[in-house]
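Data block below; observations after.
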There are 2 protein chains.
Amino acid sequence: MTFGNYIRKLREEKQLLLREVASQMNIDTALLSKIERGTRIARKEQVEDLAKALNKSESELLKFWMADKIVNMLKDESNSTEILKKVEEEIKNLTNQKK
Amino acid sequence: MTFGNYIRKLREEKQLLLREVASQMNIDTALLSKIERGTRIARKEQVEDLAKALNKSESELLKFWMADKIVNMLKDESNSTEILKKVEEEIKNLTNQKK
DNA sequence: TTTTGACTTGTCAATATTTGTCTAATTTAA
DNA sequence: TTAAATTAGACAAATATTGACAAGTCAAAA
C-alpha cells in the first residue's frame with residue numbers, strides 16, 4: 001500500500017471530496033489528485049495537513065510517506081536487502097550513541 | 001561507517017591524494033574533500049567515478065552511498081524501525097511482481 | 001443528448017535546492 | 001618557517017520542485 005493509495009482510501013472512507021480535503025490543505029485540487037495517484041510527492045508539511053484533514057495520526061501517515069520515498073530509492077537496486085541491513089545497523093549505532 | 005569515511009579510508013590505503021582522485025573524477029579537490037567529510041553528497045555518477053578511481057566495485061560503493069542517504073532520512077524519525085519493516089515488505093512485493 | 005460535477009493531465013513560471021568552482025583559510029609534514 | 005595538502009565560505013549557474021491554471025476525461029443526472 002503506497003502513501004497515495006492509503007490517503008485515497010482514507011478520504012473515500014470518510015466520503016470526502018478531493019476539493020474538500022485540498023481546501024483544508026490550502027492547495028489546488030489537481031495537486032492533491034496527483035499526490036493520491038503518486039505522480040507528485042507531498043511535502044512533509046502537506047502530510048501533516050493531511051493528518052489533520054483526515055483525522056489520522058501524523059506518524060502513521062509519515063510512515064507511509066517515508067516508506068514510499070525509500071522504496072523509490074531502492075526499487076532499481078539489485079542489492080536492496082543488503083543496503084537495508086546496513087541501514088538498520090547504522091540506525092542502531094545512532095540510537096545507542098551516548099550524548 | 002559512512003560513505004565518506006569509507007572512501008577516505010580506501011583512498012588513504014592506496015596513498016592517493018585528494019587532488020589525484022578528484023582529477024580522475026573531473027571535479028575540484030575541495031568538492032571531494034567535502035564528500036569525504038560528509039558535508040556534501042556525491043551524485044550517483046560520482047560514486048561510479050570513485051569506484052573506478054579507487055578500484056572498488058560499484059555496487060559496494062553504492063551500498064554505502066545509498067545507506068547513507070536512507071539513514072539521513074530516518075535519523076530524526078522516532079519509528080524508523082517500523083518504517084524499515086514496511087519498506088522491506090514493499091520491496092518484497094515489488095520483486096515478486098510477475099511481469 | 002446535454003449538462004454537471006468530480007477528478008485528471010499537461011504545461012509553465014516562480015521558487016528553491018544543488019552543484020561545482022574560486023579564493024582564502026587552516027592544517028600537516030618536512 | 002616553508003610548502004603542500006586539505007578544508008571552509010561564498011557565489012553564480014545549473015537543476016529540480018512547487019503550485020496554479022486551463023483544458024481534458026469520465027460517469028451520472030437531467
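So that the names make sense, note that chain A is the first sequence line, chain B the second, and so on, each numbered from 1.
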Classify [X] by what it touches in the nucleic acid, base, sugar-phosphate, or nothing, heavy-atom distance under 4.0 Å.
{"X": "A:Leu17", "answer": "sugar-phosphate"}
{"X": "B:Arg40", "answer": "base"}
{"X": "A:Glu45", "answer": "nothing"}

Next item on the list: In sequence, state the C-alpha distance, the side-chain angles, and the governing distance for A:Glu36 and A:Tyr6, and then conclude on side chain to side chain donor-acceptor pair (under 3.5 Å).
Entry: CA-CA 8 Å; A:Glu36 285 190 349; A:Tyr6 182 57; over 6 Å; no
Can you tell me the distance, in whole Å, between the [atom1] atom of [X] and the [atom2] atom of [N]?
{"X": "B:Leu31", "N": "C:dT23", "atom1": "CG", "atom2": "C1'", "answer": "16 Å"}
{"X": "B:Asn26", "N": "C:dT19", "atom1": "CG", "atom2": "C1'", "answer": "15 Å"}
{"X": "B:Arg11", "N": "D:dA5", "atom1": "CZ", "atom2": "P", "answer": "11 Å"}
{"X": "A:Arg43", "N": "C:dA16", "atom1": "CZ", "atom2": "P", "answer": "10 Å"}
{"X": "A:Leu18", "N": "D:dA27", "atom1": "CG", "atom2": "C1'", "answer": "15 Å"}
{"X": "B:Leu32", "N": "C:dG20", "atom1": "CG", "atom2": "P", "answer": "12 Å"}
{"X": "A:Ile27", "N": "D:dT18", "atom1": "CD1", "atom2": "C1'", "answer": "11 Å"}
{"X": "A:Glu36", "N": "C:dT8", "atom1": "CD", "atom2": "P", "answer": "7 Å"}

Notebook entry, point to check: Taking it one step at a time, do B:Glu20 and B:Arg11 satisfy salt bridge (Lys or Arg N to Asp or Glu O under 4.0 Å)?
Noted result: CA-CA 10 Å; B:Glu20 297 173 313; B:Arg11 180 175 63 81; over 6 Å; no
Next item on the list: Using heavy atoms to find the nearest nucleotide of DNA chain D for B:Thr39 and B:Arg19 separately, return the residue whose nucleotide is more 5′.
Entry: B:Arg19
Next item on the list: Evaluate the salt bridge (Lys or Arg N to Asp or Glu O under 4.0 Å) criterion for residues B:Lys86 and B:Glu90: first the C-alpha distance (whole Å), next the side-chain angles of each, then the deciding distance (0.1 Å), finally the verdict.
Entry: CA-CA 6 Å; B:Lys86 179 154 173 42; B:Glu90 301 284 340; 2.6 Å; yes
Choosing from [options], which nucleotide comes nearest the side chain of [X]?
{"X": "A:Asp28", "options": "C:dT21, D:dT6, D:dC21", "value": "D:dC21"}
{"X": "B:Arg8", "options": "C:dG20, D:dT6, D:dG19", "value": "D:dT6"}
{"X": "A:Ser33", "options": "C:dG20, C:dC7, D:dA8", "value": "C:dC7"}

Notebook entry, point to check: Can you find a donor-acceptor pair, distance only, under 3.5 Å between B:Lys34 side chain and C:dG20 base?
Noted result: no
Check: Who are the salt bridge (charged side-chain N to carboxylate O under 4.0 Å, His left out) partners of B:Arg43, not counting sequence neighbours?
Finding: B:Glu45
Next item on the list: Please list, chain by chain and in numerical order, all residues satisfying side-chain contact (heavy atoms from CB on, under 4.5 Å) with A:Lys85, sequence neighbours excluded.
Entry: none
Next item on the list: Using a cut-off of strictly less than 4.0 Å, decide whether B:Gln46 has a side-chain nitrogen or oxygen near OP1 or OP2 of C:dT19.
Entry: no
